There are 2 protein chains.
Amino acid sequence: MRYKLLPDGGRQIMAYLVPGDFCDLHVSILGEMDHGIGALSACEVAYISRRTFEDLTTNRPAITRALWWATLVDEGTLREWLVNMGRRPADQQMAHLFCELLVRLQSVGLATQTSYEFPLTQAELADTLGVSDVHVNRMLQQLRADGLITLQGKRLTIPDVERLHEFAGFDPNYLHLTKRRGNGNDRASRNGMAQS
Amino acid sequence: MRYKLLPDGGRQIMAYLVPGDFCDLHVSILGEMDHGIGALSACEVAYISRRTFEDLTTNRPAITRALWWATLVDEGTLREWLVNMGRRPADQQMAHLFCELLVRLQSVGLATQTSYEFPLTQAELADTLGVSDVHVNRMLQQLRADGLITLQGKRLTIPDVERLHEFAGFDPNYLHLTKRRGNGNDRASRNGMAQS
DNA sequence: CGTGCCGTTGAGCGTTGTCAACCAGTGTGG
DNA sequence: CCACACTGGTTGACAACGCTCAACGGCACG
């Protein structure tokens with residue numbers, strides 16, 4: 001995840017990273033990090049040396065373009081999150097996040113048609129959605145009571161994906177996933193390599 | 001501005017563009033726009049043809065890097081806005097926006113040390129901050145009463161910039177402006193051209 | 001068998017939203 | 001020159017959403 005800490009001790013989570021995502025392309029270009037990065041579950045991290053990066057961005061325009069593409073998708077996601085926080089009540093907001101994670105995890109082969117591992121605590125959800133943890137708890141119960149989700153142990157299941165989309169006002173176009181094959185492993189295209 | 005419209009008629013504004021900013025680098029890379037762009041005041045727009053763009057991104061790595069840099073700064077701004085909406089009450093949120101605009105407008109020579117033209121309506125502010133227009137009105141009055149801002153006609157003045165920063169919890173580091181000269185015209189560096 | 005994390009619940013309060021009305025300024029057409 | 005409509009800002013009353021504080025229970029871990 002990406003996050004920022006505030007003077008008053010508050011934390012705002014601004015992004016979730018799934019396998020295949022880049023976590024700090026910023027540093028190479030901007031020279032400085034303006035936020036923190038943390039792991040919410042076991043992670044495997046690949047390093048690209050500064051020299052390699054410099055080499056790629058000066059000599060390999062197609063790859064540079066693919067990396068740029070990845071940051072633009074991140075940007076699109078941030079915009080959608082902004083809409084989420086600004087214009088939707090907490091329950092729809094949470095439902096929207098669940099929809100997004102389903103699609104993104106499917107694209108890397110980490111979700112079935114209707115469910116995925118969900119290791120987040122309610123406090124972390126609260127720091128993501130900009131609401132209190134108590135309120136997250138109540139909204140979760142409501143979503144469960146309405147049959148929109150089930151959350152047992154660490155697994156989130158969405159019985160009727162279409163209905164949750166409807167409820168959350170979710171439209172995955174902002175993720176810029178290329179739609180083809182339905183086999184749940186679309187990683188190459190998500191990373192934009194295929195087009196370049 | 002960048003914005004999205006929702007099915008219920010709501011609008012969320014996700015970014016303000018000041019002179020020198022790029023408005024749709026996305027299209028060339030992502031191939032599709034996922035949000036709308038609108039003008040809030042008279043604008044002058046420069047077009048770059050697709051062919052020129054293709055040429056730049058394949059043959060001019062330094063310029064490509066500068067463009068990429070610009071999108072990364074936009075991304076940083078989006079993250080800060082997310083923090084703003086998630087973790088700050090409406091009054092501080094508005095103050096934070098005023099602080100950001102002061103710095104950004106100064107960097108393109110459109111603001112004095114303490115004031116700038118502010119053409120937004122309260123309804124537009126509301127759509128930016130994710131609150132109702134009535135509430136914007138009341139928070140504005142409060143900021144005025146506290147002597148943090150004055151807003152006469154279309155001009156916003158910040159009598160004590162340091163105090164407003166304090167109140168809003170504003171730290172301009174996320175804008176990645178290079179600090180040098182204090183003359184309020186720092187456009188070249190803001191666009192990242194100087195470094196490349 | 002303690003300790004700590006996480007989830008859950010209740011009560012009361014504060015911020016913010018909704019609805020509705022009103023006012024000032026501006027432009028328009030008769 | 002004067003209705004008229006329209007936009008943008010302002011105000012009041014009330015409801016609703018979400019927060020804070022506080023306590024408690026289950027569970028894993030040492």
Side-chain angles (χ1 to χ4, degrees), chain A residues 1 6 8-13 38-42 83-98 117-146 149-157 167-169, chain B residues 1 6 8-13 38-41 83-98 117-146 149-156 167-169:
Chain A
M1 62 163 175
L6 286 89
D8 65 4
R11 174 179 63 169
Q12 177 65 43
I13 296 176
L40 292 164
S41 58
V83 173
N84 213 21
M85 290 186 64
R87 293 289 142 195
R88 282 192 262 264
D91 49 357
Q92 291 176 34
Q93 212 179 325
M94 197 150 48
H96 192 279
L97 177 62
F98 293 157
E117 289 303 312
F118 189 78
L120 303 184
T121 67
Q122 294 184 358
E124 285 156 356
L125 260 180
D127 285 347
T128 306
L129 304 175
V131 300
S132 71
D133 49 358
V134 174
H135 200 53
V136 163
N137 182 289
R138 298 195 162 115
M139 293 301 101
L140 268 177
Q141 291 180 51
Q142 186 185 305
L143 291 180
R144 278 191 278 232
D146 294 347
I149 63 164
T150 63
L151 184 52
Q152 321 178 0
K154 292 278 168 220
R155 186 152 202 99
L156 180 79
T157 305
F167 176 75
Chain B
M1 62 164 173
L6 286 89
D8 66 3
R11 174 180 62 168
Q12 178 65 43
I13 296 177
L40 292 164
S41 58
V83 174
N84 213 21
M85 291 187 62
R87 293 288 140 195
R88 280 192 263 264
D91 49 357
Q92 291 176 33
Q93 213 180 325
M94 197 149 47
H96 191 279
L97 177 61
F98 293 157
E117 289 302 313
F118 189 78
L120 303 183
T121 67
Q122 295 185 357
E124 285 156 355
L125 261 180
D127 285 348
T128 306
L129 304 175
V131 300
S132 71
D133 49 357
V134 174
H135 200 54
V136 163
N137 182 289
R138 298 198 159 112
M139 294 301 101
L140 268 178
Q141 291 180 52
Q142 186 184 304
L143 291 181
R144 278 190 279 231
D146 293 347
I149 63 164
T150 62
L151 184 52
Q152 321 179 3
K154 292 277 168 222
R155 186 151 201 101
L156 180 79
F167 176 74

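What you see is a predicted model; the values in this text were computed from it and never measured.
- Regarding contacts with the backbone of dT8(C), a side-chain N or O of Arg144(A) is found under 4.0 angstrom from either OP1 or OP2.
- At dG9(D), none of the side-chain N or O atoms of Gln141(B) fall inside 4.0 Å of OP1 or OP2 (strictly under the cut-off).
- Distance, Glu124(B) CD to dT7(D) P: 13 Å, rounded to whole Å.
- As rounded to whole Å, 15 Å separates atom C1' of dG7(C) from atom CD of Gln152(A).
- For the atom pair CG of Leu125(A) and CD of Gln93(A), the computed distance is 10.5 Å after rounding to the nearest 0.5 Å.
- At whole-Å resolution of the value, CD in Gln122(B) and C1' in dA24(C) are 14 Å apart.
- As rounded to whole Å, 14 Å separates atom P of dT15(C) from atom CE of Met94(B).
- Following rounding to the nearest Å, His135(A) (NE2) and dT15(C) (C1') show an atom-to-atom distance of 13 Å.
- Checking dG18(D), dG7(C), dT18(C) against the side-chain heavy atoms of Thr121(A) singles out dG7(C) as nearest.
- As a whole-Å value, the separation of Asp8(A) CG from dC19(D) P is 14 Å.
- On a pure distance criterion of 3.5 Å, no polar donor-acceptor pair joins the side chain of Arg138(B) and the base of dG9(D).
- Rounded to whole Å, the distance from CD on Gln93(A) to C1' on dG18(D) is 11 Å.
- The CZ atom of Arg87(A) lies 8.0 Å from the CG atom of Leu6(B); values are rounded to the nearest 0.5 Å.
- Here the C1' atom of nucleotide dC19(D) and the CZ atom of Arg88(B) are 18 Å apart, to the nearest Å.
- The phosphate of dT8(C) (OP1 or OP2) has a side-chain N or O of Asn137(A) nearer than 4.0 angstrom.
- Side-chain contact check for Met94(B) versus Gln142(B): every heavy-atom pair is 4.5 Å or farther apart.
- Atom CG of Leu129(B) is separated from atom NE2 of His135(B) by 10.0 Å, given to the nearest 0.5 angstrom.
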